[in-house]
Amino acid sequence: MNNKRIYLSLSSQSGFEQEYVQKALETNWITSGGPNVDDFEIKIENYFNNEFFVTALNSGTSAIHLALILLGVKSGDEVLCQSMTFSASANPILYQGAVPIFVDSESDTWNICPSTLEIAIKDRIEKGKKPKAIIAVHLYGIPYKVDEVHAVAHKYEIPVIEDSAEALGSTYKGEKCGNFGTFGILSFNGNKIITTSSGGALITNSRKLKEKAIFYSNQSKDIAIHYQHSEIGYNYRMSNICAGIGLGQIKVLDDNIEARRKNHFFYREIFNEIESVNLSEVLDETYFSNFWLNTIFIKPSKNKNKENLRLALENENIECRPVWKPMHLQPVFEKYPYYGGKIAEDLFDKGLCLPSGSNLTIEDKNRIRKVIENFFN
Ligand SMILES: *Cc1c(COP(=O)(O)O)cnc(C)c1O
């Protein structure tokens, strides 16, 4: 039997990556910023119908950090954040010396619960501080309840940072995720739907904010022949080599989305037949997901639980991962306020991420299907 390892999330290459990287090397553009970075930004802006301004950075985490800085978040300020997410959504709040206020998920999308969000905002205002920003996440590529979340944000006039790191290609009412917030952020980390090896982007609707983001990401150099700085700077700009990889990768974005969606329909076929398992889906036809990762929720019975399924797959050299452990349960964050119940915690207890890479073959899928069907029969 072919027993090569099946990974959780690998992306496929277009074959053009090397050309762009080669050109950067030949022209000696081996630095942060450069022609590949400019071109990559234009390509992403094209993808967003040229309605937004994109700043290419060295990670999605840097993009969230710059969004907080551009919103004026400072030491002691409070920032609301979806608890069920990867730690990179929340860490930049601490970089600013601000206080994260975590909010529970709702079970439909696993994302920030709009009504718990409102409860949290009201209570924080009552306690004396209006939160400075909301970080909402399209987890695993499934959009959060866009209208509901933004209605709450709008009502209390709090800007939203839309963490679209996992959702490039997902849409709501035909509009791309990443464009609903005051700021949107993307990630091009190695496991995301397209990669620059490490990279990210900040999306805004203002040229001025883009210019300011570039300024901060390039050490906040004032206009002067000597090195002069009036503000704290960061070394966050994307490298010209990484952007070369990105220029190759953007050519396969649509293919990767299609491949990941095919994975989803493959899993749907399997889990339609298994009553104790729910495969995560979008709410309705107004939502479209890139299905970056497929996740399932297993109602445990006897020894049929998420950990045993993970072990059964691992036994066949198939990688699976538990879903993100909520931030309010993390040792580093547990002392911060949390609003909600046990929805995120329950998702963590019973949820599992299944192999969803853009490069899964039919053979891989047959191996996965066999283990899952054996496990539940
Ligand atoms: C990957 C990811 C990030 C951070 O992106 P990096 O490019 O790895 O810094 C942020 N939020 C979420 C939800 C992510 O999955």
Side-chain angles (χ1 to χ4, degrees), residues 7-11 32 37 40 44 54-69 79-95 100 102-103 105 109-112 133-144 149 160-170 177-178 180-181 183-203 213 217 234-239 242-243 245-246 249 256 260 280 289-295 321-328 330 332-333 344 347-348 351 353 356-357:
Y7 290 96
L8 188 71
S9 179
L10 289 184
S11 102
S32 63
V37 177
F40 184 61
I44 303 284
V54 171
T55 311
L57 300 167
N58 62 3
S59 74
T61 311
S62 323
I64 297 173
H65 190 194
L66 288 186
L68 291 169
I69 291 167
V79 176
L80 294 151
C81 183
Q82 180 167 324
S83 182
M84 179 103 199
T85 185
F86 179 49
S87 65
S89 305
N91 282 330
I93 303 170
L94 275 294
Y95 302 167
F102 294 110
V103 178
S105 291
T109 67
W110 297 23
N111 291 316
I112 196 163
I134 298 165
I135 300 175
V137 188
H138 305 295
L139 212 59
Y140 301 119
I142 294 191
Y144 59 74
V149 168
V160 176
I161 298 170
E162 188 190 353
D163 182 343
S164 202
E166 301 177 357
L168 180 58
S170 297
C177 287
F180 299 112
F183 290 98
I185 77 99
L186 302 174
S187 167
F188 308 112
N189 193 7
N191 61 347
K192 298 300 192 322
I193 196 146
I194 59 167
T195 180
T196 58
S197 75
S198 173
L202 182 69
I203 304 171
S217 73
Y234 302 87
N235 187 3
Y236 280 176
R237 194 73 167 128
M238 182 178 278
S239 106
C242 293
I245 299 172
Q249 282 278 292
N256 287 1
R260 296 216 181 215
S280 295
S289 177
N290 65 6
F291 291 119
W292 172 62
L293 289 190
N294 287 283
T295 58
R321 292 271 180 91
V323 302
W324 300 127
K325 181 173 181 177
M327 293 304 110
H328 71 280
Q330 297 285 357
V332 68
F333 291 126
L347 294 171
F348 174 62
C353 299
S356 301

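Along the sequence shown, the residues carry numbers beginning at 1. Atoms considered below: every heavy atom in the structure, side chains included; atoms not considered: hydrogens, waters and symmetry mates. In listed order, ligands and their atoms are each counted from 1. In this text the structure is predicted, and so the values were computed from the model without any measurement.
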Q: Any idea which protein heavy atom is nearest atom 4 (C) of ligand 1, and the distance to it?
A: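 Checked against all protein heavy atoms, atom 4 (C) of ligand 1 sits closest to Ala88 CB, 3.5 Å.
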
Q: What's the shortest distance from atom 15 (O) of ligand 1 to any protein heavy atom, and which residue and atom give it?
A: Glu166 OE2, 2.5 Å

Q: Mark the output for Gly200 as yes if a heavy-atom distance to ligand 1 is under 4.0 Å, and as no if none is.
A: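 Judged by the 4.0 Å heavy-atom criterion, Gly200 does not count as contacting ligand 1.
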
Q: Given side chains that start at C-beta, do those of Ser105 and Asn111 come closer than 4.5 Å, heavy atoms only?
A: no

Q: Relative to the heavy atoms of Ser89, which atoms of ligand 1 are at a distance of less than 4.0 Å?
A: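 Those atoms are 11 (N), 13 (C).
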
Q: Examine distances only and state if a side-chain atom of Asn290 and a backbone atom of Trp292 form a donor-acceptor pair shorter than 3.5 Å.
A: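 Present.
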
Q: Check ligand 1 against Thr85 and write out every atom of the ligand that is under 4.0 Å from a heavy-atom position of the residue.
A: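 Here the atoms of ligand 1 in question are 13 (C).
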
Q: Suppose I only count heavy atoms of Gly60 and a 4.0 Å limit; which atoms of ligand 1 are within that range?
A: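 Every atom of ligand 1 under 4.0 Å from some heavy atom of Gly60: 5 (O), 6 (P), 7 (O), 9 (O).
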
Q: Any idea which of Asp163, Leu139, Asn91 brings a heavy atom closest to atom 12 (C) of ligand 1?
A: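 Among Asp163, Leu139, Asn91, the closest heavy atom to atom 12 (C) of ligand 1 comes from Asp163.
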
Q: For a quick test of reading the model, state the closest non-hydrogen atom pair linking Val323 to Gly351 and the distance between them.
A: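 So the two residues come closest at CG1-C, 3.6 Å.
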
Q: Just distances here: any N/O of Asn189 and N/O of ligand 1 closer than 3.5 Å?
A: yes

Q: Only one of Ile134, Leu139, Asp163, Val149 passes side-chain contact (heavy atoms from CB on, under 4.5 Å) with Gln82; say which it is.
A: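 With Gln82 as partner, Ile134, Leu139, Asp163, Val149 yield a single side-chain contact (heavy atoms from CB on, under 4.5 Å), made by Leu139.
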
Q: Among His65, Lys192, Gln82, which one puts a heavy atom closest to atom 1 (C) of ligand 1?
A: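 Heavy atom nearest to atom 1 (C) of ligand 1 belongs to Lys192.
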
Q: Taking the six-membered ring for Trp, are Phe40 and Phe188 closer than 6.0 Å centroid to centroid?
A: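 Yes, the ring of Phe40 comes within the 6.0 Å limit of the ring of Phe188, centre to centre.
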
Q: Does ligand 1 have a heavy atom under 4.0 Å from the side chain of Ser59, from its backbone, from both, or from neither?
A: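 Within the 4.0 Å criterion, Ser59 contacts ligand 1 through backbone and side-chain atoms alike.
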
Q: Decide yes or no for His138 and Ser170: does some side-chain heavy atom of the first lie under 4.5 Å from some side-chain heavy atom of the second?
A: no

Q: Run through Ser356, Ser9, Ser289 and flag the one making a side chain to side chain donor-acceptor pair (under 3.5 Å) with Arg260.
A: Ser9

Q: Any N or O on Val137 sitting closer than 3.5 Å to an N or O of ligand 1?
A: no

Q: Taking only heavy atoms of Ala165 into account, list the atoms of ligand 1 that are under 4.0 Å away from them.
A: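 Counting atoms of ligand 1 from 1, those under 4.0 Å from Ala165 are 2 (C), 3 (C), 10 (C), 11 (N), 12 (C), 14 (C).
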
Q: Would one find an N or O of Thr61, backbone or side chain, under 3.5 Å from an N or O of ligand 1?
A: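 Looking only at distances, the answer is yes, because the N/O contact criterion of under 3.5 Å is met.
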
Q: Do the side chains of Phe333 and Ile93 get nearer than 4.5 Å, heavy atoms only?
A: no

Q: Considering only heavy atoms of Gly199, which atoms of ligand 1 have at least one such atom less than 4.0 Å away?
A: 7 (O)

Q: Given 3.5 Å as the limit, does a donor-acceptor pair link the side chain of Asn189 with the main chain of Gly60, or not?
A: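 Side chain of Asn189 to backbone of Gly60: no pair is present.
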
Q: So does Asn58 get a backbone contact from the side chain of Arg237, meaning a donor-acceptor N/O pair under 3.5 Å?
A: no

Q: Quick test of your reading of the structure: of Ala90, Ser187, Ala63, Ser198, whose heavy atom lies closest to atom 7 (O) of ligand 1?
A: Ser187

